[in-house]
Amino acid sequence: MKIKTNLIDNPPEEGIASVVQTPLGRSGKGGLYKINRIQLTGFKRILDLKLEIRPFMVLVGANGVGKTSFLDALSILSASASGNLNAALSGFGGVANLLTRGRTEDLSFLVDMTVPGHEPLEYQLRLEPKGAGYSVSRELLCQRRSGFPEPFKHIDSSYGDIKYYGTEENRLVRPDWEHNPLETSLSQVPKMFRQPEELRRILATATQYHVLDVGPRAPVKMPQPMKPATLPGHDGADLVPYLYTLREAERDRYAAVLDALKTAFPYFDELTFPPVAAGMLAMTWKDRKFSKPIYMNELSEGTLRFLWLTALLQSPRLSTITMIDEPEVSLHPELLSLLADLMREASKRTQLIVATHSDRFVRSLNPDELVVMDLDDDGCASATWADAMDIDRWLAEYSLDEVWRMGRMGGRP
């Protein structure tokens with residue numbers, strides 16, 4: 001089947017759709033598409049969790065309350081939109097290994113995306129164990145329309161019965177190409193409508209970053225190939241070419257990186273990029289207290305991790321959703337306030353979701369940026385925005401981290 005490349009802005013209302021030339025990522029009225037809420041069911045300790053997604057949200061709570069599980073669930077949803085669901089689930093040991101123990105027989109996701117000027121677009125996905133594998137038991141992509149009793153369905157599939165809206169037929173049709181049953185229809189159907197394609201793109205590019213490896217042979221400590229790079233890499237393997245690219249092509253962003261480093265480390269002067277072999281670059285750190293530069297493998301763990309995080313948050317190519325797990329590892333507590341400011345600024349360009357155990361990091365946050373995760377009476381994960389709690393009278397006398405430490409918001413061991 002020939003896949004169409006012209007994207008239609010809105011679902012047809014009377015069987016007729018108009019092609020528009022709006023830049024991908026923005027609505028025709030100039031608004032940004034973004035994920036508005038998520039519901040997870042049956043994922044590890046997350047039996048049933050509904051949560052609003054905001055531009056900058058920090059998950060806090062004791063060990064084992066579902067913070068990392070929430071990020072992992074979003075990563076699986078991302079893989080489902082990019083055609084990598086089977087590989088992602090295999091990495092977790094399969095669907096059966098992810099189910100809430102003894103509480104559910106399937107795993108489901110629901111997200112909706114804000115569409116400026118229109119009703120939200122809603123996507124549902126349900127997975128069930130099937131022998132040693134799994135099946136996509138339900139998939140629905142729909143959008144309510146003003147004046148119509150039923151939502152418009154872009155995708156409506158169950159147990160291998162795949163149906164998507166065909167623009168030529170003006171109705172739901174079955175695919176006439178080979179459909180991979182282990183991947184979602186969202187990742188396989190033709191790219192016909194702009195709004196579903198935006199949802200697919202947002203989910204598919206969601207990126208999770210774990211604690212940076214700074215061991216003796218870690219990539220971030222090694223010379224790196226000279227090449228164009230728009231991100232520093234999950235393991236820092238592209239940090240050097242990325243910062244070099246920023247210096248040459250994104251001067252304002254590179255200057256912001258240097259400003260953050262000078263604020264964090266008073267004696268820092270500049271970064272230099274000496275060639276070390278054909279096509280290879282090193283990076284050195286110049287300190288005003290020393291005449292010779294410091295190479296990357298000589299920097300402390302905390303310095304390397306702060307440099308990597310600062311560089312990441314300045315990238316012009318951040319994915320629409322960026323997830324960072326435990327950014328506070330190895331960082332001096334005094335750096336966490338600066339890191340929170342850098343994240344807050346980056347959240348204007350990405351929906352930033354962070355998981356932390358650090359009360360000092362919480363001190364730098366506002367209640368509308370903090371999600372407290374805890375366990376309910378059944379031992380399953382719950383999540384509550386701090387600004388939805390009755391804590392104003394406590395905040396009149398205590399800082400946010402003190403209110404959390406006192407147990408007034410939950411999320412404590």
Side-chain angles (χ1 to χ4, degrees), residues 34-38 49-71 74 206-212 256 259-260 263-264 302 305-306 308-310 312-314 318 320-375 381-413:
K34 65 183 182 67
I35 300 300
N36 182 53
R37 67 184 176 101
I38 186 169
L49 186 149
K50 304 178 185 70
L51 191 62
E52 175 190 0
I53 304 297
R54 298 181 185 175
F56 179 33
M57 50 191 293
V58 178
L59 313 177
V60 68
N63 290 324
V65 298
K67 300 186 302 297
T68 300
S69 293
F70 183 85
L71 301 186
L74 276 175
T207 307
Q208 184 175 359
Y209 294 91
H210 297 280
V211 177
L212 179 70
D259 287 345
T263 301
R305 287 187 172 127
F306 186 83
W308 173 72
L309 283 167
T310 300
L312 171 67
L313 294 170
Q314 282 300 326
L318 283 173
T320 309
I321 299 175
T322 303
M323 298 171 281
I324 303 178
D325 199 6
E326 297 188 59
E328 72 274 10
V329 172
S330 297
L331 298 191
H332 190 282
E334 296 300 326
L335 293 181
L336 298 180
S337 176
L338 174 58
L339 182 61
D341 288 339
L342 294 172
M343 288 181 169
R344 197 171 285 118
E345 178 64 27
S347 71
K348 298 175 183 177
R349 296 175 285 114
T350 182
Q351 289 184 282
L352 186 58
I353 306 174
V354 178
T356 185
H357 294 106
S358 171
D359 52 356
R360 288 297 294 270
F361 189 55
V362 171
R363 180 183 300 181
S364 305
L365 303 176
N366 302 317
D368 62 353
E369 298 168 335
L370 186 67
V371 177
V372 180
M373 297 200 68
D374 209 343
L375 299 179
S382 65
T384 308
W385 279 99
D387 62 352
M389 300 179 178
D390 184 19
I391 58 173
D392 288 348
R393 61 191 180 94
W394 294 103
L395 290 175
E397 298 184 35
Y398 302 98
S399 61
L400 189 60
D401 63 305
E402 290 173 329
V403 177
W404 177 49
R405 285 202 306 271
M406 291 188 297
R408 301 300 175 181
M409 297 188 293
R412 300 296 295 179

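If you read the sequence from its start, that first residue is 1, and numbering goes on from there.
Asp359 contributes atom CG, which lies 10.5 Å from atom OG of Ser364 (distance to the nearest 0.5 angstrom). Remark: Glu326 CD to Lys67 NZ distance equals 7.5 Å, nearest 0.5 Å. Note that CD of Gln208 is 7.5 Å distant from OG1 of Thr68, once rounded to the nearest 0.5 Å. Summarising the geometry, atom CE belonging to Met406 is positioned 5.5 Å from atom CH2 belonging to Trp394; distances are rounded to the nearest 0.5 Å. Note that CD1 of Ile53 is 5.5 Å distant from CD1 of Ile38, once rounded to the nearest 0.5 Å. Summarising the geometry, atom CG belonging to Asp387 is positioned 9.0 Å from atom CG belonging to Leu370; distances are rounded to the nearest 0.5 Å.
With contacts defined as side-chain heavy-atom distances shorter than 4.5 Å, the pair Phe70/Val371 does not qualify. Between Phe361 and Val60 there is no side-chain heavy-atom pair separated by less than 4.5 Å. With a 4.5 Å cut-off on side-chain heavy atoms, Ile391 and Leu400 count as touching. Using a 4.5 Å cut-off on side-chain heavy atoms (C-beta onward), His357 and Asn63 make contact. At a threshold of 4.5 Å between non-hydrogen side-chain atoms, the residues Phe56 and Asn366 do not count as touching. You'll find the side chain of Asp325 stays beyond 4.5 Å of the side chain of Met323, heavy atoms only. Counting heavy atoms from C-beta outward, Val403 and Met409 have side chains that approach closer than 4.5 Å.
Between Arg405 and Asp401 there is a salt bridge, since a side-chain N of the basic residue sits under 4.0 Å from a carboxylate O of the acidic one.
Between Ala355 and Pro327, the shortest heavy-atom contact is O-CD, 3.5 Å. Considering all non-hydrogen atoms of both residues, Gly64 and Leu375 come closest at O-CD2, 3.9 Å.
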Exercise for the section: Quick one: do Thr207 and Thr322 satisfy side-chain contact (heavy atoms from CB on, under 4.5 Å)? Show the steps, please. Expected result: CA-CA 5 Å; Thr207 307; Thr322 303; 5.5 Å; no
Would Thr320 and Lys34 satisfy side-chain contact (heavy atoms from CB on, under 4.5 Å), going step by step from the backbone distance to the final call?
CA-CA 8 Å; Thr320 309; Lys34 65 183 182 67; 5.7 Å; no
Worksheet item: Should Glu345 and Leu313 be marked as a side-chain contact (heavy atoms from CB on, under 4.5 Å) after you check the CA-CA gap, both sets of side-chain angles, and the distance that decides it?
Response: CA-CA 8 Å; Glu345 178 64 27; Leu313 294 170; over 6 Å; no
side-chain contact (heavy atoms from CB on, under 4.5 Å) between Leu309 and Leu342, intermediate numbers included | CA-CA 9 Å; Leu309 283 167; Leu342 294 172; over 6 Å; no
What donor-acceptor contacts under 3.5 angstrom involve side-chain atoms of residues 331-341, with partners at least two apart or in another chain?
residue	atom	partner	partner atom	Å
His332	ND1	Glu334	N	3.0
Glu334	OE2	Arg360	NH2	3.0
Asp341	OD1	Arg344	NH1	2.9

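The main-chain N or O of Glu52 is found under 3.5 Å from a side-chain atom of Trp385 such that the two form a donor-acceptor pair. A distance-only check finds no donor-acceptor pair linking the side chain of Glu369 to the backbone of Val58 [under 3.5 Å]. At least one donor-acceptor pair under 3.5 Å links the side chain of Thr356 to the backbone N or O of Ser358.
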